[in-house]
J.: 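Here it is: the structure, laid out below.
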Amino acid sequence: MKFYNLLIDWYLSNKRELPWRETKNPYYIWLSEIMLQQTKVTQGLPYYLKFVEEFTTVKDLANASEEKVLKLWQGLGYYSRARSLHFTAKYVSDTLKGEFPDNYKDLKKLKGVGDYTASAIASFCFKEPVAVVDGNVYRVLSRVFGIDLAINSTEGIKKFKELAQSLIDVKRPGLYNQAIMEFGALHCKPKNPYCISCPFQVRCKAFQQGLIDKLPVKLKKTKVVTKNFNYLVVLAKDQTVIQQRKGSGIWENLYQFPLIETEIEISKEELLDNAEFKAYVKDDFKNINLFNKKPIKHVLSHRKLMVKFWVIQLEEIPDNFKKNDFRVIDNSDLKLYPVPVLIQKFLENFNFTK
DNA sequence: AATTCGGGGCA
DNA sequence: TGCCCAGAATT
């Protein structure tokens, strides 16, 4: 029995019903693939449904503002995906007259579309026999073929791609690609895979050698850096101050409160003595209160943030918040701006409309 | 070749 | 807690 036949047989009797499996429209496939990068299906699904409802065509997406796209993306993470999504929608809509490229080579030129996504779209929509290699594929192939090459090494990436390509069903490339990913996601899971009922049990090198929990091999990630954030929640006459994050870094183009970053956690007295703080509000504040007694710990993949929200009551918004990239807005308009989950949780707890 | 991008879920 | 997830872009 060929590898792809075992895989496809398993898939046809075990696959989930997912909305993007009901179409071959490259716009919807592209949208789903971008959303699912480094994201579990259960997490991405509600966002996909929101997007297809809001943006029926690539032109609808192209005509939206980036702010609206980011707002709908809010909470899904890796926001560069949303910015690239919007950029590519405009490019496809304007330059390509609404028609997506119909092959791997040209798809890969699109911003935000790498090897995996180009392979997925090309095979699903256009039957091009190019193998996908995502986290699921690395896991299935490393186990079945007993390969201990690191999946995030240059050599590993190349070898696994070649192996996947050699295994593809050239007559049914889309089906094969779907099948191997679904098998990895549902059956050959990272932890507690179902080896007992596995169609590859007799030929799986990892199972035979008791190496299931040793594969795949992955080079260890860099350590998480801790940062201390102090957000200034300035309140005056039902207005507040926000700022859009610019440049490269986390949460690019999302909004937040004026931020003072410090080397260590600081007290109220230390904040009042902070040069940046004094430049903003001078000494005309009525009162200042720490919203959260203990810093809120917000963990990202490569960063740990220790966050304090300082609520500052004022008669007037200071002039220094009326220039540069600060924006004075009504509290009731806060909900319109795309913000990180960290900020969103604060807004919900603080109950801004009250 | 290594790092940087989020957030949630799970053992 | 540490690891993983339908990765890609940047350094």
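Letters A, B, ... mirror the listed sequences (proteins, then strands); counts begin at 1. The model shown is predicted, which means the values in this text are computed figures rather than measured ones.
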J.: Mind checking A/Gly184 for me? I need base, sugar-phosphate or nothing, with any heavy atom below 4.0 Å counting as a touch.
T.: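 If one applies the 4.0 Å heavy-atom cut-off, A/Gly184 turns out to touch nothing in the nucleic acid.
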J.: Looking at every strand, decide which applies to A/Gly44 at a 4.0 Å heavy-atom threshold: base, sugar-phosphate, or nothing.
T.: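 Touches nothing.
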J.: Starting at the 5' end of DNA chain B, which residue's closest nucleotide do you reach first, A/Leu219 or A/Gly77?
T.: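 Closest to the 5' end, via its nearest nucleotide, is A/Leu219.
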J.: Quick one: list whatever passes side chain to side chain contact (heavy atoms under 4.5 Å, CB included) with A/Asp148, sequence neighbours left out.
T.: A/Leu215, A/Val217
J.: Under a 4.5 Å cut-off applied to non-hydrogen side-chain atoms, are A/Trp310 and A/Phe257 in contact?
T.: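 Counting from C-beta outward, A/Trp310 and A/Phe257 never come under 4.5 Å.
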J.: List for me each residue that meets salt bridge (charged side-chain N to carboxylate O under 4.0 Å, His left out) alongside A/Lys237, sequence neighbours excluded, and say none if there are none.
T.: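 Listed in chain order: A/Glu316.
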J.: Can you say whether a donor on the side chain of A/Thr42 sits under 3.5 Å from an acceptor on the base of B/dG9, or the other way round?
T.: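 Looking at the base of B/dG9, it does not pair with any donor or acceptor on the side chain of A/Thr42 (distance under 3.5 Å).
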J.: A/Val137 near the nucleic acid: base, sugar-phosphate alone, or nothing, with a heavy-atom cut-off under 4.0 Å?
T.: nothing
J.: Could you give the CZ-to-C1' distance, from A/Arg81 to B/dC5, as a whole number of Å?
T.: 10 Å
J.: With a centroid cutoff of 5.5 Å and a plane-angle limit of 30°, would you call A/Tyr78 stacked on B/dC5?
T.: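 Stacking between A/Tyr78 and B/dC5: present.
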J.: Sequence neighbours excluded, which residues qualify as side chain to side chain donor-acceptor pair (under 3.5 Å) partners of A/Asp330?
T.: A/Gln239
J.: Can you work out whether A/Glu155 or A/Lys191 has the more 5'-proximal nearest nucleotide on DNA chain B?
T.: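 Closer to the 5' end of DNA chain B: A/Glu155.
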J.: Quick check on DNA chain C: between A/Met181 and A/Lys108, whose nearest nucleotide comes earlier from the 5' end?
T.: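 It is A/Met181, whose closest nucleotide lies nearer the 5' terminus.
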J.: Sequence neighbours excluded and cut-off under 3.5 Å, please list the side-chain donor-acceptor pairs for residues 336-345 of chain A, or say none.
T.:
unit_1: A/Gln344; atom_1: OE1; unit_2: A/Gln74; atom_2: NE2; d: 3.0
unit_1: A/Gln344; atom_1: NE2; unit_2: A/Glu348; atom_2: OE2; d: 3.0

J.: Is A/Trp73 touching bases, backbone alone, or none of the nucleic acid, heavy atoms closer than 4.0 Å?
T.: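 The answer is nothing, as A/Trp73 stays clear of every strand by at least 4.0 Å.
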J.: Between B/dA11 and C/dA6, how far is it from one P atom to the other, in whole Å?
T.: 15 Å
J.: Categorize A/Asp115 for me: base, sugar-phosphate, or nothing, with a 4.0 angstrom heavy-atom threshold over every strand shown.
T.: sugar-phosphate
J.: Measuring from A/Leu271:CG to A/Ile312:CD1, what's the distance to the nearest 0.5 Å?
T.: 6.5 Å
J.: Run the salt bridge (charged side-chain N to carboxylate O under 4.0 Å, His left out) test against A/Asp106 and tell me which residues pass, sequence neighbours left out.
T.: A/Lys109
J.: Please identify each residue that fulfils salt bridge (charged side-chain N to carboxylate O under 4.0 Å, His left out) with A/Glu17, with sequence neighbours left out.
T.: none
J.: Going by heavy atoms in the side chains, are A/Tyr79 and A/Trp251 under 4.5 Å from each other?
T.: yes
J.: For A/Ile250 and B/dT3, give me the distance from atom CD1 to atom P, rounded to whole Å.
T.: 18 Å
J.: Measuring only the C1' atom in each nucleotide, how far is B/dG9 from C/dA8? A whole number of Å is fine.
T.: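 Comparing C1' positions in B/dG9 and C/dA8 gives a spacing of 23 Å.
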J.: What's A/Glu252 touching, base or sugar-phosphate or nothing? Going by heavy atoms closer than 4.0 Å.
T.: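 Since no nucleic acid heavy atom lies under 4.0 Å of A/Glu252, the category is nothing.
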J.: Within this structure, what is the CG-to-C1' distance between A/Asn152 and B/dC5, rounded to whole angstrom?
T.: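 Distance, rounded to whole Å: 16 Å.
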J.: What's the closest nucleotide to the side chain of A/Gln38 if the choices are B/dG7, B/dG6, B/dG8?
T.: B/dG6
J.: Could you state the atom-to-atom distance from CZ of A/Arg245 to P of B/dC5 in whole Å?
T.: 9 Å
J.: Do the side-chain N or O atoms of A/Trp251 get closer than 4.0 angstrom to the phosphate oxygens (OP1, OP2) of B/dT4?
T.: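 So the side chain of A/Trp251 is outside the cut-off, no N or O lying under 4.0 Å from OP1 or OP2 of B/dT4.
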J.: Can you work out whether A/Lys40 or A/Lys111 has the more 5'-proximal nearest nucleotide on DNA chain C?
T.: A/Lys40
J.: Kindly state which residues belonging to residues 291-302 of chain A come within less than 4.0 angstrom of DNA chain B, counting heavy atoms of the residue only, listed by number.
T.: A/His298, A/Leu300, A/Ser301, A/His302
J.: Going by side chain to side chain contact (heavy atoms under 4.5 Å, CB included), name the residues that satisfy it together with A/Asn152, two or more places apart in sequence or in a different chain.
T.: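 Checked A/Asn152 against side chain to side chain contact (heavy atoms under 4.5 Å, CB included); matches are A/Ala150, A/Lys218, A/Leu219.
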J.: Between C/dT11 and B/dG6, how far is it from one P atom to the other, in whole Å?
T.: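 After rounding to an integer number of Å, I get 15 Å for this pair.
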J.: Just to be sure I understand the rule, does A/Arg16 reach a base, reach only the sugar-phosphate, or reach nothing, if contact means heavy atoms closer than 4.0 Å?
T.: nothing
J.: Rounding to an integer number of Å, can you tell me how far A/Leu70 CG sits from B/dG6 C1'?
T.: 13 Å
J.: Among all residues two or more places apart in sequence or in another chain, which pass the side chain to side chain contact (heavy atoms under 4.5 Å, CB included) test with A/Pro193?
T.: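 A/Pro193 satisfies side chain to side chain contact (heavy atoms under 4.5 Å, CB included) with A/Arg143, A/Cys195, A/Ile212 only.
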J.: If hydrophobic residues (ILVMFWY) are linked whenever their side-chain heavy atoms come closer than 4.5 Å, directly or via other members, who joins A/Tyr104 in its cluster?
T.: A/Val130
J.: Describe the nucleic acid contact of A/Ser84 in one word from base, sugar-phosphate, nothing, applying a heavy-atom distance below 4.0 Å.
T.: nothing
J.: Counting only heavy atoms from other residues, nucleotides and ligands, does the tally under 6.0 Å from CD of A/Glu261 exceed 12?
T.: yes
J.: Looking at DNA chain C, which of residues 22-37 of chain A put a heavy atom within less than 4.0 Å of it?
T.: A/Glu33, A/Leu36, A/Gln37
J.: Need two values: the first and the last nucleotide of DNA chain C, 5' to 3', having an atom under 4.0 Å from any heavy-atom of chain A.
T.: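 Listed 5' to 3', the contact boundaries are C/dG2 to C/dA9.
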J.: Look at all strands and tell whether A/Ser80 reaches a base, only sugar-phosphate, or nothing, counting heavy atoms closer than 4.0 Å.
T.: nothing
